[in-house]
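Accompanying notes for the structure given below.
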Amino acid sequence: MKLVFLGTSSMVPTKSRNHTSMILFYKDQGIMVDCGEGTQKQLRKANISPTKITKLLITHWHGDHILGIPGLIQSLGANQYSKTLEIYGPKGTREFFQNMRKSFYFPLRINLKITEIEKGVFFKNNDFQLESMPMNHDVPCVAYSFREKDKLKINTEYTRQFGLEQHPLLGKLQKGKDITYKGNKIRVQDATIGKKGEKITFILDTSNCSNALKLAKNSDLLVAEATWEHNRKEKEDHDYKHLSAREAAQLAKISGSKKLILTHFSQRYKTTDGILKEAKKIFQNTTAAKDLMAVEV
Ligand SMILES: [Zn+2]
Ligand SMILES: [Zn+2]
């Protein structure tokens with residue numbers, strides 16, 4: 001699994017930081033979270049073909065998270081994108097999308113499916129599920145988590161004792177069913193090792209809220225906004241609708257997450273050293289994202 005940060009800035013981009021977007025690659029899936037202005041260019045720089053995108057998860061309709069969408073969709077049309085782009089977003093997403101289409105000549109050359117989501121699991125297949133929770137921002141906003149299914153791995157040392165190697169029956173064991181081979185009963189609990197699926201949570205614009213904590217619970221990786229250092233937050237974020245580095249770190253700690261990556265930084269910060277230092281005081285395993293940074297999960 002690979003996560004690539006395409007943009008790590010908040011409202012205003014800087015020379016080194018583009019607007020918010022990231023993309024998670026898992027098997028045949030390219031799951032993009034937000035698509036700020038200039039995301040297409042960032043994809044180019046990261047050598048990622050936009051046609052790899054299968055799902056677009058929108059946290060909310062503030063410009064820094066969505067202004068790249070029309071351009072991206074037009075490029076997909078020009079690239080003979082043959083999949084159906086699945087777009088998920090909070091209440092109002094369908095209407096915002098239609099309004100955007102009406103505001104200029106926008107030929108829709110790809111298939112897409114828009115789903116408005118709020119709370120709970122909204123996508124599930126044999127490998128993973130996606131869940132959302134409403135956040136507390138000044139417009140409808142959701143956060144997302146990706147949860148890989150727990151898997152059973154064959155304990156080959158054990159199964160070999162029965163001469164059982166590369167056999168279709170192994171598939172049955174992996175599905176959690178006991179089997180009988182050459183008269184021997186082979187039980188799942190002896191012949192397999194449980195492998196816990198990875199959980200990645202993406203929390204963008206929000207104040208500190210209980211839903212953020214619920215969604216982030218036991219994440220292997222928590223990606224969270226840290227727009228300000230805490231002292232600045234009190235001066236500049238009058239409505240307190242963003243997380244500071246300190247709050248993001250507290251969230252990682254209390255939720256029992258293993259690793260924290262911060263993003264969505266204010267243009268005020270030339271470097272993220274102060275933000276990182278503040279977060280690390282509370283949660284040591286923290287990294288500040290950089291544009292085009294790729295992380296193996
Ligand atoms: Zn934002
Ligand atoms: Zn916002």
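When a ligand or atom number is given, it counts from 1 through the structure's own listing order. Quick caveat, the model's predicted, so the values are computed rather than measured.
The Zn ion (ligand 2) has an N, O or S atom of H137 inside 2.8 Å of it.
A distance below 6.0 Å separates the ring centres of F128 and F123.
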**Prompt:** Under the ring-ring contact (aromatic ring centres under 6.0 Å, His included) criterion, do Y144 and Y88 qualify, and how do the steps go?
**Reply:** CA-CA 10 Å; Y144 293 98; Y88 300 90; 7.9 Å; no

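Remark: the Q40 side chain and the S75 side chain contain an N/O donor-acceptor pair separated by less than 3.5 Å.
The side-chain hydrogen bond (donor to acceptor under 3.5 Å, both in side chains) test applied to E165 returns R160, not counting sequence neighbours.
Hydrophobic clustering (ILVMFWY, side-chain heavy atoms < 4.5 Å, transitive): W228 and L262 are in one cluster.
Listed by chain and number, the protein atoms of type N/O/S under 2.8 Å from the Zn ion (ligand 1) are D64 OD2, H65 NE2, D205 OD2, H264 NE2; waters are omitted.
Ring-plane geometry between H62 and H60 is classed as perpendicular, the angle between the planes exceeding 60 degrees on a 0 to 90 degree scale with a lower cut at 30.
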